[in-house]
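I have placed the structure first, in the form of structure tokens, so that the comments after it can refer back to it.
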Amino acid sequence: MRFPFRLLALLLILAVVLYPLVWMVGTSLKSPQEIVNNIGLVPREFTPSNFSEGWTKFDVSFGRFFLNSALVSLLTVAGNTISCLLAAYALGRLRFRLRGFWFALMIGTLLLPGHVLIIPQYILFRSLGWVGGDWPYLPLLVPQFLATEAFFVFLIVQFMRGIPRELDEAAVIDGASPYSIFRHVILPLSRPALVTTAIFSFIWTWNDFFRQLVFLSELKDYTAPVALTLFIDSSSESAVGPMFAMSLLSLIPVFLFFVAFQRLLVEGINTSGLKG
């Protein structure tokens with residue numbers, strides 16, 4: 001019987017990948033003194049109070065931060081899915097002047113780092129009164145409804161290019177308008193690409209820190225990634241145990257979202273971006 005070297009290699013890779021998560025679970029159950037003195041995975045003295053302390057440590061419950069993250073993430077999913085789908089349909093299926101130029105220009109925006117754009121975006125949104133106003137999430141959400149995520153537009157365009165144009169021509173012969181073709185032909189067939197867009201939009205937005213830190217200024221409006229920084233205070237004692245406890249809870253929505261749509265995600269990756 002041959003030794004299963006491939007299985008052993010996979011188990012080693014799995015151990016390396018899961019080690020940070022296991023370490024986080026163990027650290028979230030350690031006391032502040034043990035976090036410093038015990039670098040092992042298993043705590044000597046379990047301290048489940050880290051979770052209750054982290055949940056109620058601030059004037060605003062950490063549950064509020066979770067709700068804020070869920071609101072921003074779900075609306076971002078809706079905005080990216082709808083706007084990028086419409087932009088991709090125009091660039092991938094319709095014929096109009098300078099279509100290639102606009103598609104190349106859209107692809108060119110992928111070369112611009114987000115940190116370069118954040119300053120002009122902040123100046124623009126501040127001049128519109130969106131920063132620190134009554135609707136603090138407008139700078140985070142409005143661009144998502146304007147097809148500003150070129151990666152997802154490109155992903156859906158490449159998928160649509162794999163859909164036979166004979167379907168469009170047959171629909172035109174039957175008297176269908178471009179809207180009808182989009183509604184009854186392209187939209188149902190684009191499901192894998194849309195699912196991929198939705199999943200990545202949710203995960204990236206839930207884990208986003210920089211943009212949310214820049215545009216959110218009120219404690220009650222903070223999302224979970226921004227709120228986690230409040231546990232580390234340079235001028236007083238840092239609550240490391242509760243921070244790891246809340247960090248562990250912050251991973252649960254992403255994990256559940258990924259597990260629930262894992263099959264559709266793999267299907268979307270396999271069928272999107274590989275056609276054209």
**Prompt:** Would Phe145 end up clustered with Tyr89 when hydrophobic side chains under 4.5 Å apart are linked, directly or stepwise?
**Reply:** no

**Hydrophobic cluster membership, Leu187 vs Phe159, 4.5 Å side-chain cutoff** = yes

**Qualifying salt bridge (Lys or Arg N to Asp or Glu O under 4.0 Å) pairs, either residue in residues 29-46, two or more places apart** = none

**Message:** Surrounding CG of Asp134 (heavy atoms of other residues, nucleotides or ligands, distance under 6.0 Å), is the total greater than 12?
**Reply:** no

**Fill in**
Here the gap from Leu75 atom CG to Leu140 atom CG, rounded to the nearest 0.5 Å, amounts to 10.5 Å

**Heavy-atom closest pair, residues Ser31 and Thr47** = N-OG1, 3.3 Å

**Asked** Roughly how far apart are Met24 CE and Thr27 OG1, rounded to 0.5 Å?
**Response** 8.0 Å

**Request:** Give a yes or no answer on whether the side chain of Asn80 reaches the backbone of Ala147 with a donor-acceptor pair at less than 3.5 Å.
**Result:** no

**Message:** Quick check for you: to the nearest 0.5 Å, what is the distance between Trp206 atom CH2 and Ser73 atom OG?
**Reply:** 6.0 Å

**Prompt:** How close do Thr229 and Val226 get, heavy atom to heavy atom, and via which atoms?
**Reply:** OG1-O, 2.5 Å

**Asked** Apart from Ile13 itself, what residues make up its hydrophobic cluster, given side-chain heavy atom links below 4.5 Å?
**Response** Val17

**Ser250 (side chain) donor-acceptor with Ala224 (main chain) under 3.5 angstrom** = no

**Prompt:** Are any side-chain N or O atoms of Arg161 and backbone N or O atoms of Gly92, one a donor and one an acceptor, separated by less than 3.5 Å?
**Reply:** no

**Message:** Within the structure provided, determine whether Pro242 and Phe231 are in side-chain contact (heavy-atom separation under 4.5 Å).
**Reply:** yes

**Message:** Let me check something: do Val16 and Leu18 share a hydrophobic cluster, defined by ILVMFWY side-chain heavy atoms less than 4.5 Å apart, either directly or through other members?
**Reply:** no

Tabulate below the donor-acceptor pairs under 3.5 Å that side-chain atoms of residues 119-132 make, not counting sequence neighbours, or state none.
residue : atom : partner : partner atom : Å
Gln121  : OE1  : Arg211  : NH1          : 3.0
Tyr122  : OH   : Arg126  : NH1          : 3.4
Ser127  : OG   : Ile123  : O            : 3.3
Ser127  : OG   : Leu124  : O            : 2.5

**Request:** Quick one: closest heavy-atom pair of Cys84 and Phe152, and the distance?
**Result:** SG-CB, 3.8 Å

**Message:** Using the rule that Ile, Leu, Val, Met, Phe, Trp and Tyr join whenever any side-chain heavy atoms are under 4.5 Å apart, tell me whether Val116 and Val214 fall into a single cluster.
**Reply:** no

**Asked** Side chains of Leu249 and Ile252: does their closest heavy-atom pair fall under 4.5 Å?
**Response** yes

**Message:** Any side-chain to backbone donor/acceptor pair from Tyr137 onto Asp221? Under 3.5 Å, distance only.
**Reply:** yes

**Request:** Answer yes or no: is there a side-chain heavy-atom contact under 4.5 Å between Asn68 and Leu216?
**Result:** no

**Prompt:** Which residues satisfy the ring pair (Phe, Tyr, Trp, His ring centres under 6.0 Å) test with Trp23, sequence neighbours excluded?
**Reply:** Phe244

**Asked** With side chains defined as the heavy atoms from C-beta onward, is the minimum distance between Leu74 and Thr205 less than 4.5 Å?
**Response** no

**Main-chain N/O of Ile203 paired with Asn207 side-chain donor or acceptor, under 3.5 Å** = yes

**Prompt:** How many angstroms lie between OG1 in Thr81 and CD1 in Ile199, if you round to the nearest 0.5 Å?
**Reply:** 10.0 Å

**Request:** Mark yes when over 12 heavy atoms from residues, nucleotides or ligands other than Arg165 sit less than 6.0 Å from its CZ; otherwise mark no.
**Result:** yes

**Request:** May I ask you to check whether Phe154 and Phe151 place their ring centres under 6.0 Å from each other?
**Result:** no

**Item:** Spacing of Leu85 atom CG and Thr197 atom OG1 [to the nearest 0.5 Å]
**Value:** 8.5 Å

**Asked** Do Phe65 and Leu219 touch side chain to side chain, with heavy atoms closer than 4.5 Å?
**Response** yes

**Heavy-atom side-chain contact between Leu228 and Met246 under 4.5 Å** = yes

**Message:** Just checking Phe209: does its CZ atom have more than 12 heavy atoms from other residues, nucleotides or ligands closer to it than 6.0 angstrom?
**Reply:** yes

**Asked** In terms of hydrophobic clustering (I, L, V, M, F, W, Y; side-chain heavy atoms under 4.5 Å; direct or indirect links), are Leu98 and Met106 co-clustered?
**Response** yes

**Message:** Taking the side chain as everything from C-beta on, heavy atoms only, tell me whether Leu21 gets closer than 4.5 Å to Leu248.
**Reply:** yes

**Asked** Less than 4.5 Å apart, any side-chain heavy atom of Ser190 and any of Met160?
**Response** yes

**Request:** For Ser28 and Phe51, work out which heavy atoms get closest and say how close.
**Result:** OG-CZ, 3.8 Å

**Message:** Pair Leu41, Tyr19 - check side chain to side chain contact (heavy atoms under 4.5 Å, CB included), show working.
**Reply:** CA-CA 9 Å; Leu41 297 178; Tyr19 177 82; 3.5 Å; yes

**Asked** Regarding Thr223 and Gln212, is there a side-chain donor-to-acceptor distance under 3.5 Å anywhere?
**Response** yes

**Proximity of Phe66 and Phe62 rings by center, below 6.0 Å** = yes

**Asked** Considering all heavy atoms of both residues, which atom of Gly79 and which atom of Ser83 are nearest to each other, and what is their separation?
**Response** O-OG, 2.6 Å

**Prompt:** Apart from Leu112 itself, what residues make up its hydrophobic cluster when side-chain heavy atoms of I, L, V, M, F, W and Y under 4.5 Å apart count as a link, directly or indirectly?
**Reply:** Leu117

**Fill in**
Between Thr76 and Leu141 the two heavy atoms that sit nearest each other are OG1-CD2, 3.6 Å

Mind listing the side-chain donor-acceptor pairs of residues 171-184 below 3.5 Å, one per line with the distance, residues two or more places apart or on another chain?
residue : atom : partner : partner atom : Å
Ser177  : OG   : Ser180  : N            : 3.3
Ser177  : OG   : Ser180  : OG           : 3.2

